[in-house]
Amino acid sequence: MFEVYGEKISSRFLLGTAQYPSPKVLADAVKASGAGILTVSLRRETAGTGTGGKFWDLIRELEVRVLPNTAGCHTVKEAVTTAKMARDLFKTDWVKLEVIGHHDSLQPDVFALVEAARTLNEDGFKVFPYTTDDIIVGEKLLEAGCEVLMPWCAPIGSAKGPVNRDALRAYRAHFQGIPLVVDAGLGRPSHAAEVLELGFDAVLLNTAVAKAGDPVAMAAAFAKAIEAGRQAFEAIPLEPRDMAVPSTPVIGMAVFE
């Protein structure tokens, strides 16, 4: 459990709802994950496929908190407009803010992100910004009114896991007391355990579960890894050492001749 915007979330697992092979697999994966928040895209609702309404019915049946996102937006205007439409459709002022700046890496445009975050916060939204691991950008987002930060650990869908562990460690140390969710780039349960061990409050992922050979089993595996990672962090893990340290005392040992 962790707290964000004054609300306690039952799980440190935030799960995306795109790319699953079927609605049933999605529902079963959500249940196996125990996720406390589901991210949903307005584009699914407005794509004109005729399935948006059925998808939204399914999400409501799962009875999990919904976090709409502005996935696919590339400008401040587009992101703000999408967020307002999502607020009307999903009946929530929570929004995962994405403003993409690079088509290949899907890296956020951090300048537009800060501007959009400020606009939405002033309009009463509770913004969850998808950002990089840049501390200065994080500071600007907090100044813009955000109360949570969501840095990536690798490009969206890359499944690389933490590519800059030192940056993530520094990010967590700098933003003490701020809820931090690692968003994007996680590929294996061990990646999730690692960032939870660093002290991050939660993880958000989609592709690693949806595109797994068995999404339901993978969702369950991530849930266990997240729990283990947090438990390890709270237990205060042993820091790496440059030299070997014997676990058995050498003083007083018997000597055989």
Q: What's the spacing between Trp152 CH2 and Asn164 CG if we round to 0.5 Å?
A: 11.0 Å
Q: In terms of side-chain geometry, is the basic nitrogen of Asp201 or Arg172 positioned less than 4.0 Å from the acidic oxygen of its partner?
A: yes
Q: Among Val99, Thr132, Ile156, find the residue that satisfies the side-chain contact (heavy atoms from CB on, under 4.5 Å) test when tested with Pro108.
A: Thr132
Q: Within 45 degrees of the ring normal and closer than 6.0 Å to the centroid, is that where the cationic atom of Lys96 sits relative to Tyr130?
A: yes
Q: Do the side chain of His74 and the main chain of Gly72 share a donor and acceptor less than 3.5 angstrom apart?
A: yes
Q: Are the charged groups of Arg118 and Glu143 less than 4.0 angstrom apart, N to O?
A: no
Q: Kindly check if the number of other-residue, nucleotide or ligand heavy atoms within 6.0 Å of CD (Glu197) is above 12?
A: yes
Q: Run the salt-bridge test on Arg165 and Glu194 with the 4.0 Å N-O cut-off and return the result as yes or no.
A: yes
Q: For the pair Tyr5 and Trp94, name the ring-plane relationship: parallel under 30°, tilted 30 to 60°, perpendicular over 60°.
A: tilted
Q: Applying side-chain hydrogen bond (donor to acceptor under 3.5 Å, both in side chains) between Arg87 and each of Asp123, Asp93, Thr92, report the one that passes.
A: Asp123
Q: Can you say whether the rings of Phe13 and Phe222 are parallel (under 30°), tilted (30 to 60°) or perpendicular (over 60°)?
A: tilted
Q: Kindly compute the distance separating CG (Leu106) from OG (Ser158), expressed to the nearest 0.5 Å.
A: 9.5 Å
Q: When you check the gap from the basic side-chain N to the acidic O, do Asp28 and Lys24 get nearer than 4.0 Å?
A: yes
Q: Using a strict threshold of under 4.0 Å (side-chain N to carboxylate O), is an ion pair present between Asp57 and Lys54?
A: no
Q: Going hydrophobic residue to hydrophobic residue with side-chain gaps under 4.5 angstrom, can you get from Leu14 over to Leu58?
A: yes
Q: Find the distance between OG (Ser33) and NZ (Lys224) and round it off to the nearest 0.5 Å.
A: 13.0 Å
Q: So which atom in Ala83 and which in Leu120 form the shortest heavy-atom distance, rounded to 0.1 Å?
A: CB-CD2, 3.8 Å
Q: Could you tell me which non-hydrogen atom of Cys146 sits nearest to which non-hydrogen atom of Ala117, and how far apart they are?
A: SG-CB, 3.9 Å
Q: Crowded around Glu7 CD? As in, over 12 foreign heavy atoms under 6.0 Å?
A: yes
Q: Nearest 0.5 Å please: distance from the CG atom of Leu149 over to the CG atom of Asp133.
A: 12.0 Å
Q: So, applying side-chain contact (heavy atoms from CB on, under 4.5 Å) with Leu38, which one of Val30, Asn206, Leu67 is it?
A: Val30
